[in-house]
Amino acid sequence: MVEAGQVTFAMQTFERIHPVEFQRRFLSHSTRHSGREFMQFRPLQIIKGAISTAQGSATVRLGNTTVVCGIKAEVCEPDVKRPTSGYLTTNVELSPMCSARFRPGAPSDEAQVASEHIHRLSAHFLDVTQLCIEEGRAVWSLSADIVCLKHDGNVLDAAVIALGAALEDLRLAGAEFDSATGMVTAGGEGTHVIMKKRLFPATFTLVGDSYVVADADDAEEQLAAASLLVVLDEDGKLANIWKRGA
């Protein structure tokens, strides 16, 4: 008689030795190794205000993938070509803490690509002209650091959701510019920024040569031949589409 523990051990060993065949056997029976259907997404949890020292923050859990976004606001001078526009910069960090696939040191290619793509999407979230304090003299500069705490696939979707939630949580203190001294004073409880649109990302991954799944986990991503990110806004309009791979 085979014990349940022996069966579990045998499956884990089979997955490590033959990961492609392990996944293929599930997919060929119209299911996934996690038990999800092909187009089934994992549970999503959003917690705003997760970082007390940030002006805006959010933690997002997409299945076992966990991402936290914190936004810091500083006063700076605007670009001379855009005297009424503030700044919103984004950075995605994928460290060895979130997965053994990443190494200490310079950001990985995956992190750099994610940072660049999220920066392009950020224009859909926020009109940076509302960050102006005094035209040509002072604006708010927002730095959004998006850190992956646990990587179990589809980090980009989680990062986009986390940035949007952190911007919704963001409060900027009332700021006044003193033309005599050239100084800015800020204080008070602060007010929320006005969001342009909410974005809803969904990534679909081609596993092997024949199977397309939604919200791939880490094991499925390791076997991905290509993926497609589709981003819709709250009106159901296409905001962005991005294909990676063959």
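- The shortest distance between side-chain heavy atoms of Thr203 and Leu228 does not fall below 4.5 Å.
- With a 4.5 Å cut-off on side-chain heavy atoms, Leu232 and Lys237 do not count as touching.
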Less than 3.5 Å apart, which donor and acceptor atoms pair up between the side chains of residues 58-66 and the rest of the protein, not counting sequence neighbours?
from: Thr65; atom 1: OG1; to: Asp152; atom 2: N; distance (Å): 3.0
from: Thr65; atom 1: OG1; to: Asp152; atom 2: O; distance (Å): 3.3
from: Thr65; atom 1: OG1; to: Gly153; atom 2: N; distance (Å): 3.3
from: Thr65; atom 1: OG1; to: Gly153; atom 2: O; distance (Å): 2.7

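- Applying the side chain to side chain contact (heavy atoms under 4.5 Å, CB included) rule to Phe200 yields the partners Arg198, Glu234; only residues at least two apart in sequence or on another chain are considered.
- Hydrophobic cluster membership is shared by Met195 and Ile146, with clusters built from Ile, Leu, Val, Met, Phe, Trp and Tyr side chains linked at under 4.5 angstrom.
- Under the 3.5 Å distance criterion, the side-chain polar atoms of His124 are left unmatched by any main-chain donor or acceptor of Lys197.
- Interatomic distance, OG of Ser34 versus CD of Gln40, reported as 7.5 Å (0.5 Å rounding).
- Within the 3.5 Å criterion, the main-chain N or O of Val113 finds no donor-acceptor partner in the side chain of Glu116.
- With sequence neighbours excluded, the residues forming a side chain to side chain contact (heavy atoms under 4.5 Å, CB included) with Ala175 are Ile133, Trp140, Val184, Ala186, listed by chain and number.
- By the rule that hydrophobic residues join a cluster once side-chain heavy atoms approach within less than 4.5 Å of another member, Phe177 and Tyr87 end up as members of separate clusters.
- Residues His119 and Asn91 have side chains that never bring a donor and an acceptor to within less than 3.5 angstrom of each other.
- Under a hydrophobic clustering in which Ile, Leu, Val, Met, Phe, Trp and Tyr are joined whenever their side-chain heavy atoms come within less than 4.5 Å, directly or via other members, Val139 and Leu142 fall into different clusters.
- Gln55 places no side-chain N or O within donor-acceptor distance of the main-chain N or O of Leu172, the cut-off being under 3.5 Å.
- Under the side chain to side chain contact (heavy atoms under 4.5 Å, CB included) criterion, Tyr211 pairs with Leu27, Ser28, Phe38, not counting sequence neighbours.
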Walk me through whether Glu77 and Arg137 qualify under salt bridge (Lys or Arg N to Asp or Glu O under 4.0 Å).
CA-CA 6 Å; Glu77 292 185 1; Arg137 303 297 296 274; over 6 Å; no
Please output the side-chain donor-acceptor pairs of residues 44-53 that fall under 3.5 Å, not counting sequence neighbours, one pair per line with the distance.
from: Lys48; atom 1: NZ; to: Glu168; atom 2: OE1; distance (Å): 2.6

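- Take His117 and apply the side chain to side chain contact (heavy atoms under 4.5 Å, CB included) test, not counting sequence neighbours, and it matches Arg120, Leu121, Leu156, Leu229, Asn240, Trp242.
- Under a 4.0 Å N-O distance rule, the pair Arg101/Asp218 qualifies as a salt bridge.
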